[in-house]
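Each ligand, and each atom within it, is numbered from 1 in the order the structure gives.
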Amino acid sequence: MIQAIAVENWLDNLPPRLKEWMESRLTKDDDYTRYMKDGRDFIDEHEIWKLIKENRDPTPQKVRSIIDKALSSKECLEPEETATLLNVKDENLWKEIFEAAGEVKREVYDNRIVTFAPLYCSNLCVNNCLYCAFRRDNKVVKRRRLTLDEVRREAERLAGMGHKRLITSYGEHPLSDANYIADTLRVIYSVKVKAKKGWGEIRRVNVNAAPMTIDELEMLKEIGIGTFQVFQETYHHETYYSVHPPDTIKGNYHWRLYCMHRALEAGVDDVGIGVLLGLYDWRFEVMGLLMHSRDLEEQFGVGPHTISFPRLRPAANTPFVQNAKYKVSDEDFKKFIAVVRLSVPYTGMILTAREPEHVRREVLPLGITQTDFGSRIGIGSYSECYTGQEAERQQFLLGDTRELDEGIRWLAEMGYIVSFCTAGYRCGRTGERIMKLLKTGKERIFCKLNAILTYKEYLEDFASEETKKAGEEVIRKELEEVKELVPKRVYEKLLEYLKRIENGERDIYF
Ligand code: SAM
Ligand code: SF4
């Protein structure tokens, strides 16, 4: 186990070792060149812009035929089809696109929203990304790496709120390398806290960290990593190099671009890709995400489990954000989400608490499948009770800090059921298998039943009276629907399971 290390002035104390470590991270070109075709990556900028230009001014018939295809096939769209949607100007046609995006979401994922919370374990970082408060040159940020006891305390607080899924996050640094990440996962999975009737525990830990080698990813797979997330930030090469300085590890576009290829090769079934909106033209980024998804499908038979699309947020001493040339407006954000939804219909789409409540309300129906509540992103914030935000502890500022209980009530009032289910993963319904089940609609029923069971657990163990009331109403409606959908014996089993949960039994699933 890693011991607690004093990390103050880490940059001043470590440079020679740090430099050596940084160089050692990037010595094997083969870790990405072998996935390339004739030495070229899958982002052909010339081709992407050509597609966007050639499909200008589409007729309404053409747009509608693409919408129909997205609704019926559940496969990725062809690049020219996505480019066509990106060229729509008519606001009424956009309304049709928004409606179709919502329909795809409902067909594949129903009215379920999965929830999670971020857990920042360390903000030590050797990189210098211009948009991030944790960049190594930013002297105003308080640097800290949580000890494993502190990680445990954070996880206990989160499990005590009712969270079952976390996304852990780390800067890139030898003190937060794959071994440290592995230790944090072990600690988090071992947490168990008392709740009103049952207990709280974290059942799935997703990881957002720097790209890794296949050996490192195999080690994390062994421990039970959930989704491995790394965002390319921007697929546009020149922009990428301009915001990620060349003397950093992150400055290597291809090491990052192919990290999901390595993850899939390492057997990590669920991979999450993403872009940071505000760095480059959002339409180009949609095409980049599509190309990335298609390349993963082509080479590994499985696309991304999730797509994320954070928008730039203010961050301490980070003037890049205020001056960003490609900021995405709320209206374009909606268009981005809807076109991604139609272009990669089977993927989960993550909306985070970076967005304020009014934006979340508006974009949720366009195809969002996961969102976080009760999030605190300062290092150590959950257990040290920082109720507000503290810029110099955070990577950026959040737009919505509502607690989980309030978030669940808010969603219930809009007709969404929050799923805390992690059964699919634990029964091997991951990767290619889950993709097939999602595309054919077969996962829908399993998920619906397990969503009801885990929601009930939450209501019994953690909900306020007000949320419990709103939640019970959601369950009543769900049961009416399920009764029509499943054989009588399954419905009766579901009722029996709900009774058992009321009596204090936990972790029952189909
Ligand atoms: N250090 C890891 C890395 O760079 O991949 C994890 C970073 S963090 C948990 C996840 C994401 O936050 C980054 O990949 C980036 O897209 C996003 N991010 C960074 N700075 C941001 C800002 N100012 N506003 C919004 N999102 C930001
Ligand atoms: Fe480090 Fe990640 Fe921030 Fe870049 S985005 S400076 S890699 S924490």
How are the rings of Y258 and H261 set relative to one another: parallel (under 30°), tilted (30 to 60°) or perpendicular (over 60°)? perpendicular

Could a heavy atom of Q394 be found less than 4.0 Å from some atom of ligand 1? no

Measure from atom 2 (C) of ligand 1 to every heavy atom in F396, Y170, Y131, F320 and give the option owning the shortest one. Y170

Who's closest to atom 3 (Fe) of ligand 2 heavy-atom-wise, of A209, A210, C132, A133? C132

May I ask you to say whether E216 pairs ionically with R25, meaning some side-chain N is under 4.0 Å from a carboxylate O? yes

Candidates N208, T352, L119 - the one meeting side chain to side chain contact (heavy atoms under 4.5 Å, CB included) with I167: N208

Does R354 come within less than 4.0 angstrom of ligand 1, counting non-hydrogen atoms of the residue? yes

Suppose we measure from atom 4 (O) of ligand 1 to each protein heavy atom; which comes out shortest, and what is that distance? K250 NZ, 2.8 Å

Under 3.5 Å: N/O of R256 near N/O of ligand 1: yes

Is there a polar contact between ligand 1 and S169, counting only N or O atoms under 3.5 Å apart? no

Geometric class of the F336/W282 ring pair [parallel <30°, tilted 30-60°, perpendicular >60°]: perpendicular

Does C129 bring an N, O or S atom to within less than 2.8 Å of atom 4 (Fe) of ligand 2? yes

For ligand 2, is E172 a contact, meaning one of its heavy atoms is under 4.0 Å away? no

Residue pair V126 / R136: nearest heavy atoms and the distance that separates them: O-NH1, 2.9 Å

